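Keep in mind that what you see is a predicted model, and the values were worked out from it rather than measured.
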Amino acid sequence: MYDFEPVESPAFSLRPAPEDVKVDCGFSPDTLAYGPEGAVWGALGFAAFASTVAARYWVAPERRGKHLAAAMLRAAAPGVFARGVRRLEVRPPVRDQAAIRAAMRAGFRPDSGVARGAAWDGTEALTLGLLPEDGPGPFPRVLPDLPGGSLRDGVIALRPLVPGDYEEHLRHRSRPEVYSGAVLPLPPSRVEAREVCEWRAALEWLRGRSALMVIDDGAGYQGTIGLYDVARVAGTGMIGYDLRPETRGRGYATRAVMLVRKWAFKEVGLDRVWAGTDVHNTASQAVLRRAGFRLEGVERGGLPTIAGRRRDTLLWASLSSD
């Protein structure tokens with residue numbers, strides 16, 4: 001048991017967990033969060049090694065969706081650091097987006113890649129850390145959530161890729177006329193497609209690396225568009241997109257590019273968005289022209305080929321000042 005001092009907050013109390021109180025949280029808690037009426041709202045567990053303390057957290061089902069986990073972590077951190085601890089760490093499963101979001105709201109920062117078998121349930125984990133000088137949070141995200149959950153223009157909607165998109169996404173990305181335009185022109189494996197839909201796309205969004213969205217015209221999945229290679233300090237990001245062959249020619253790609261460009265400038269705060277096209281892909285070039293992008297030149301050997309040779313690409317860009 002980790003020796004934990006009681007903490008009182010306006011909404012709840014954190015107190016050492018009594019041995020005679022059993023909580024079905026999946027671990028042995030060191031402290032419990034009690035509501036005003038004395039009900040157990042949540043639990044925290046700690047494990048110390050060297051100057052680092054690893055934390056686990058759990059919220060009662062009826063209290064979820066109220067940001068309680070973040071509040072518990074935020075309330076517990078000062079007492080942990082007062083003992084000379086230099087780092088407070090959490091390793092939620094990559095598939096548990098709620099747990100990752102809770103840690104980031106409490107100021108924890110993603111500071112490494114995916115760690116295999118490191119989560120508290122034995123699966124892949126995202127490691128997040130909090131130092132005394134980091135403050136109470138939240139950790140500022142590079143890529144915010146979409147306003148209202150989607151971007152819309154009255155004809156199409158762009159929304160995050162979700163696990164339920166797996167079958168359509170795999171079918172779409174496995175078509176030669178689609179993956180031939182990818183950076184590496186190969187179809188994904190079933191495992192790769194499932195991971196992207198179940199957690200990789202969402203995780204990369206939270207980490208500020210990329211934002212992958214589904215193009216939906218009301219009839220379901222019609223393709224994807226993403227903002228990739230986001231460099232917040234430089235103020236740049238790359239747009240990439242693909243459409244089902246059956247829905248090409250309806251202007252969906254142009255609409256999607258315009259929606260993402262506006263979001264990148266207004267909400268993300270980028271100054272320059274760029275895209276690359278194969279020199280022979282005139283359809284994609286027409287999309288970018290209609291969306292207001294300007295041709296800047298030829299990037300020699302910009303993309304690889306399966307044969308090992310490099311292929312030239314055209315470089316397009318749009319500035320927030322255009």
Side-chain angles (χ1 to χ4, degrees), residues 1-35 40-60 63-64 66-142 203 206-209:
M1 295 286 288
Y2 187 83
D3 188 13
F4 188 86
E5 295 294 330
V7 176
E8 297 292 331
S9 79
F12 58 87
S13 300
L14 288 179
R15 304 174 200 160
E19 293 185 5
D20 59 342
V21 175
K22 303 301 180 183
V23 179
D24 187 16
C25 60
F27 59 92
S28 297
D30 293 296
T31 182
L32 300 178
Y34 293 91
V40 175
W41 283 4
L44 292 170
F46 301 97
F49 51 98
S51 60
T52 296
V53 168
R56 291 186 62 174
Y57 42 101
W58 170 86
V59 173
R63 301 302 305 175
R64 292 173 187 172
K66 299 177 173 62
H67 299 176
L68 179 60
M72 291 193 306
L73 289 169
R74 194 179 297 118
V80 173
F81 290 136
R83 296 165 177 262
V85 172
R86 282 298 304 154
R87 173 181 168 86
L88 186 57
E89 181 178 287
V90 296
R91 291 187 176 186
V94 293
R95 290 172 173 81
D96 193 343
Q97 299 299 309
I100 295 172
R101 286 173 177 269
M104 294 177 73
R105 286 192 193 98
F108 285 73
R109 305 182 180 190
D111 54 12
S112 70
V114 174
R116 295 180 300 158
W120 48 59
D121 64 356
T123 62
E124 297 94 341
L126 178 67
T127 303
L128 302 98
L130 181 71
L131 304 183
E133 58 268 24
D134 287 341
F139 174 65
R141 287 175 52 189
V142 172
L203 187 65
L206 288 174
R207 296 176 70 193
R209 304 290 185 85

If we only count heavy atoms from C-beta on, is the [X] to [Y] side-chain gap below 4.5 Å?
{"X": "M104", "Y": "P138", "answer": "no"}
{"X": "F46", "Y": "T31", "answer": "yes"}
{"X": "V114", "Y": "T127", "answer": "no"}

Residues T52 and E89: side-chain donor-acceptor under 3.5 angstrom: no
Flag, side chain of [X] to backbone of [Y], donor-acceptor distance under 3.5 Å:
{"X": "S13", "Y": "E8", "answer": "no"}
{"X": "R207", "Y": "V142", "answer": "no"}
{"X": "R64", "Y": "V59", "answer": "yes"}

Within residues 111-130 or reaching into it, pairs that qualify as ring-ring contact (aromatic ring centres under 6.0 Å, His included) - sequence neighbours excluded: Y57-W120
With rounding to the nearest 0.5 angstrom, report the [atom1] to [atom2] distance, [X] to [Y].
{"X": "R83", "Y": "S51", "atom1": "CZ", "atom2": "OG", "value": "15.0 Å"}
{"X": "S28", "Y": "E19", "atom1": "OG", "atom2": "CD", "value": "10.0 Å"}
{"X": "L131", "Y": "D111", "atom1": "CG", "atom2": "CG", "value": "8.0 Å"}
{"X": "D96", "Y": "L126", "atom1": "CG", "atom2": "CG", "value": "11.0 Å"}

Candidate pair F12 and M72, rule side chain to side chain contact (heavy atoms under 4.5 Å, CB included), full reasoning: CA-CA 9 Å; F12 58 87; M72 291 193 306; 4.2 Å; yes
Between [X] and [Y], what is the shortest heavy-atom contact and its length?
{"X": "V90", "Y": "A103", "answer": "CG2-CB, 3.8 Å"}
{"X": "L44", "Y": "F27", "answer": "C-CE1, 3.7 Å"}
{"X": "I100", "Y": "V94", "answer": "CD1-O, 4.0 Å"}
{"X": "R74", "Y": "P78", "answer": "O-CD, 3.2 Å"}
{"X": "G129", "Y": "D134", "answer": "O-OD2, 4.2 Å"}
{"X": "A106", "Y": "A70", "answer": "CB-O, 3.6 Å"}

With P18 via side chain to side chain contact (heavy atoms under 4.5 Å, CB included) - residues at least two apart: D20, V21, L32, Y34
All side chain to side chain contact (heavy atoms under 4.5 Å, CB included) counterparts of A118, not counting sequence neighbours: R91, A115, A125
Steps toward side chain to side chain contact (heavy atoms under 4.5 Å, CB included) verdict (R101, R141): CA-CA 10 Å; R101 286 173 177 269; R141 287 175 52 189; 3.3 Å; yes
Check against side chain to side chain contact (heavy atoms under 4.5 Å, CB included), F139 and L130: CA-CA 10 Å; F139 174 65; L130 181 71; over 6 Å; no
CA sep, side-chain torsions, deciding dist, call: E124, R95, side chain to side chain contact (heavy atoms under 4.5 Å, CB included): CA-CA 8 Å; E124 297 94 341; R95 290 172 173 81; 3.3 Å; yes
